[in-house]
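Shown next, in structure tokens, is the structure this report addresses.
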Amino acid sequence: MDWFDLTGKKAWVTGGSVGIGRGYAIALAKAGADVAIVDIDTRTGEKTAAEIREMGRNSVFVHCDVTSQEQVEAMAAQVVEAFGRLDIAVNNAGIGILGPDEDYPQSAWEKVLGVNLTGMWFCCTAACRQFIRQNETDSVPMGGKIINTASMSARIANCNASYDASKGGVVEMTRTLAAQWGTYNVNVNCISPSYILSPMHASTPVEVRERIRQLTPLGYMQRPEDLYGPVVFLASRAADYVTGVDLLVDGGHTLNAWLTPLSRKVPPRISPEEETVSLKHDMAALEIPVNEDGINFAYHPEIADAYKAAFGLDSGEKK
């Protein structure tokens, strides 16, 4: 038996159009699963679904705003209608809104928590209810796998209270649901990435990317590809006895509060040029230009401005 083979399995990935979500979807499809791409961006979602179909897997796009429980329930029904069942629910949709907490608006707080935590809870419960229904008709009740995207921000204070609290909530919600739903043969786990080169970081200056490399023991910025193995593991038979786990995938970034950059004895496995391959793919899918470093400061100017201020960078740096 190939313990990592997902052939015949049916999955959804929320926030699946670009970035981490697209990476998850590609990984599951490579392992043999059919994958529904769930997102609010129809154009890029359809592109990713088509990309998976070109790999020989079945894929559909489903439009869904995860902050609406009604839409989540309709999405779950649409996925099951398309695939016949559900085996793997990867709940990844998430946002961040920068701003100092002393002046942070309530509307921003509620939006971040609404997507990152409440929306994820809607998706978890919709998936579990489907697994329970399938248990009633399957000859062997197989339950299913739920995989949530948390963040290293659940362990360190590196953004603001809304984002960090939402991701900390995802970790504890995952643990609680795992304790409750094991009785249905449902595994619930989460993955906590580091700073990852998704479109959210397309406005991060090169100096900041270099600092992240220097303070990460493995020496390079994380890419969506670095989550291929973790998501396939948690979705597969190999993880049947793994539940309630927050799998930290951060290249060692959170191992210590480094006072100085780390010295290297050998080159890192991934070069800065290789880091940006997936990011450039995603930005092209979004039809947003980037420079040779995979940067567009105008895409998320609030991120660019925050980093430039923190690092004392020239605001007139090349676009």
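- Relative orientation of the His201 and Tyr195 rings is perpendicular, given thresholds of 30° and 60° on the angle between their planes.
- The cluster map of Ile, Leu, Val, Met, Phe, Trp and Tyr, joined by side-chain heavy atoms under 4.5 Å apart, puts Trp12 and Ile88 in different clusters.
- For the pair Asp2 and Arg237, the salt-bridge criterion is not met [side-chain N within less than 4.0 Å of a carboxylate O].
- With respect to the salt-bridge test (charged N to carboxylate O, under 4.0 angstrom), the residues Glu274 and Arg223 do not qualify.
- Judged by distance alone, with hydrogens and angles left aside, the side-chain atoms of Glu172 form no donor-acceptor pair with the main-chain N or O of Gly169 at under 3.5 Å.
- Between Arg85 and Asp87 there is a salt bridge, with a side-chain nitrogen of the basic residue lying less than 4.0 Å from a carboxylate oxygen of the acidic one.
- Inter-residue side-chain proximity for Val13 and Leu28 is flagged as met; some heavy-atom pair is nearer than 4.5 Å.
- A salt bridge is defined here as a Lys NZ or Arg NE, NH1 or NH2 lying under 4.0 Å from an Asp or Glu carboxylate O, and Lys308 with Asp305 fails to meet this definition.
- With sequence neighbours left out, Asn116 forms a side-chain hydrogen bond (donor to acceptor under 3.5 Å, both in side chains) with Ser166.
- Here Glu210 pairs with Arg213 in a salt bridge; the nearest charged N to carboxylate O distance falls below 4.0 Å.
- A salt bridge is defined here as a Lys NZ or Arg NE, NH1 or NH2 lying under 4.0 Å from an Asp or Glu carboxylate O, and Glu275 with Arg209 fails to meet this definition.
- A distance-only check finds a donor-acceptor pair linking the side chain of Gln134 to the backbone of Leu86 [under 3.5 Å].
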